[in-house]
2 protein chains.
Amino acid sequence: MDYSHLGSRDRLLLAAIHLIAERGYHGVTTQEIASAAGLSEKTLFRHFGTKQNLLESAFDRYHYAEEMRLLFKEKLVGDLEKDLLSISKTYHEIMNRNRKLIQISIKDEVQLPGFKERTMHHPLQLLDFLANYLVEMEKKGKAVCADPKLQAFTFMMSQFGAFVNDLEAGRNYPGIELESFMQESTKLFAKALAP
Amino acid sequence: MDYSHLGSRDRLLLAAIHLIAERGYHGVTTQEIASAAGLSEKTLFRHFGTKQNLLESAFDRYHYAEEMRLLFKEKLVGDLEKDLLSISKTYHEIMNRNRKLIQISIKDEVQLPGFKERTMHHPLQLLDFLANYLVEMEKKGKAVCADPKLQAFTFMMSQFGAFVNDLEAGRNYPGIELESFMQESTKLFAKALAP
DNA sequence: TTATAATGTCAGTACTGACAGACAATGCTG
DNA sequence: CAGCATTGTCTGTCAGTACTGACATTATAA
């Protein structure tokens, strides 16, 4: 990775995220992180004091919910399949942008308080948005939802599962691309939820 | 955990699985594993030689595919929703029985060659089984499948996502139980795949 | 140019963790 | 009981690994 155009602090943060996501918190040394950032170990400690604080600072880069709120407010067109596809695409975009932090949070060997909470806060919100959306669609007669929350949850789990599966370089199931999964899964759910 | 009724070897294996699943390979010491097993560290090394070999031995306990093959051969009744529910239940049973090993394999900080392969081999087989099943159902006029492999994949991903989500004590999404998820998700897919 | 801030170097501390050897204690088994 | 296997204890080695301090070097900006 090339971090050369960034300031020292950012280079250290990115190197840490990259390496810890790959090998875990205890699997990486501060020396390695510093080298990957093209800096000395000393500089790392001057900036962050401790290894743990370095990781905590890295997590402050996690963001997510705002975009989703925007999506639900502005981009949906009232067509079940198209909207689900929009949601799916936005979801994967966000997840991929933060994929390394999410990887770390899944591995989660470090018991930094609030990590999981912080990364889970946003999916929870998405679940709410989606369930509400389904209720709205039902009112318009464009969907039938006996249990909107569970149905929204099922949709999210399929997307989440595909994302986790894709985390490991996506080569777990040969011949299946994320793109075509998004198409197919939204088509399936659109049909399942259609009146 | 109480391993007192087992032999030393098994106690060590179970303790290792338990602790490594929770805190990761590098997050646990051989000393801790031995103590958790109620044995001395020396005994651990007498049995396994190295920490890595201990983990490898633990992974030999992973099994999976045979049950699934049996399920597809004998337990399916030709009703889409019922069969999907059977599959879902068996899937979660197996995954839960091996949940700690799967957790380790997901965290995967250790690059023990063949770990991921061994745990991924079986889901791959399940995907095949399921796709074939859908083709059969289509022939009987009980399902429509434009792309059975992708559709099977979507179903599996929803189950896998729910499983991963449930891995962390299932408290990520309050108020949603795995049991009702299985009901709802299979119902949804049955409708999506119905003619 | 000069003062100041940011970085590097290097040696070192304190601690941890995987693993080995020697020997004693305990069990089981014939 | 005698013998053998299993385990415990204690001590130790060796290689990391987070983190520090002293001092030198470079870059930046007034």
Side-chain angles (χ1 to χ4, degrees), chain A residues 1-60 100 104 107-113 115, chain B residues 1-60 100 104 107-113 115:
Chain A
M1 294 252 165
D2 182 34
Y3 308 124
S4 54
H5 57 294
L6 295 167
S8 302
R9 207 185 153 81
D10 284 337
R11 279 152 70 186
L12 288 165
L13 285 175
L14 289 182
I17 290 174
H18 178 68
L19 289 173
I20 295 179
E22 250 182 10
R23 314 217 297 270
Y25 182 79
H26 295 289
V28 177
T29 69
T30 49
Q31 166 62 46
E32 285 175 300
I33 295 173
S35 293
L39 296 165
S40 75
E41 199 187 4
K42 186 77 211 185
T43 302
L44 186 159
F45 282 105
R46 272 198 272 250
H47 276 287
F48 299 100
T50 68
K51 185 185 183 185
Q52 174 153 336
N53 183 53
L54 168 63
L55 181 55
E56 275 173 32
S57 306
F59 255 78
D60 290 340
K100 303 212 166 157
I104 296 175
K107 298 190 199 238
D108 187 49
E109 355 152 16
V110 207
Q111 68 295 35
L112 301 181
F115 266 44
Chain B
M1 293 248 166
D2 182 33
Y3 308 123
S4 53
H5 56 295
L6 295 167
S8 301
R9 209 185 151 80
D10 284 337
R11 279 153 70 185
L12 288 164
L13 286 174
L14 290 181
I17 291 174
H18 178 67
L19 288 173
I20 295 179
E22 250 183 10
R23 315 219 296 270
Y25 183 79
H26 294 289
V28 177
T29 70
T30 49
Q31 167 61 45
E32 284 176 300
I33 295 173
S35 293
L39 295 164
S40 75
E41 199 187 5
K42 187 76 211 183
T43 302
L44 186 158
F45 282 105
R46 272 198 271 251
H47 275 287
F48 298 100
T50 68
K51 185 185 182 184
Q52 174 153 336
N53 184 53
L54 168 63
L55 182 55
E56 276 175 28
S57 306
F59 255 76
D60 290 340
K100 304 215 166 156
I104 296 175
K107 296 189 200 238
D108 187 48
E109 355 152 16
V110 207
Q111 68 293 40
L112 300 181
F115 265 45

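Keep in mind the model is a prediction, meaning the values are calculated, not measured. Naming: A, B, ... by sequence-line order, numbering from 1 per chain. Values below: all heavy atoms of this structure, side chains included; hydrogens, waters and symmetry mates excluded.
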Below 4.5 Å, heavy atoms only, C-beta onward: do [X] and [Y] meet side chain to side chain?
X       : Y       : result
A:Glu56 : A:Phe48 : no
A:Leu55 : A:Lys51 : no
A:Ser57 : A:Leu54 : no

- Note on the structure: Per-nt protein contacts along nucleotides 13-30 of chain C (heavy atom under 4.0 Å; B base, S backbone sugar-phosphate only, - none) come out as ----SSBBB---------
- Not counting sequence neighbours, which residues clear side chain to side chain donor-acceptor pair (under 3.5 Å) with A:Ser35? List them please. A:Gln31
- Message: What is the distance, to the nearest angstrom, from the CZ atom on A:Arg9 to the C1' atom on C:dA5?
- Response: 16 Å
- Find the distance A:Leu44:CG to C:dT7:C1' and express it as a whole number of Å. 13 Å
- Dot-bracket for DNA chain D, 5' to 3', with Watson-Crick and G-U pairs under 3.5 Å, [ ] for crossing pairs and | for other-strand pairs: what is it? ||||||||||||||||||||||||||||||
- Task: With heavy atoms under 4.0 Å as the rule, sort A:Thr43 into base, sugar-phosphate or nothing.
- Result: sugar-phosphate
- Audit row: B:Tyr25, A:His26, side chain to side chain contact (heavy atoms under 4.5 Å, CB included) steps and yes/no: CA-CA 9 Å; B:Tyr25 183 79; A:His26 295 289; over 6 Å; no
- Note on the structure: Minimal heavy-atom distance between B:Leu44 and B:Thr30, with the atoms involved, is CD1-O, 3.5 Å
- Item | B:Thr29 OG1 to B:Arg23 CZ distance, which is reported to the nearest 0.5 Å | 7.5 Å
- Once you round to the nearest 0.5 Å, how far does CG of A:Leu13 lie from CZ of A:Arg9? 6.0 Å
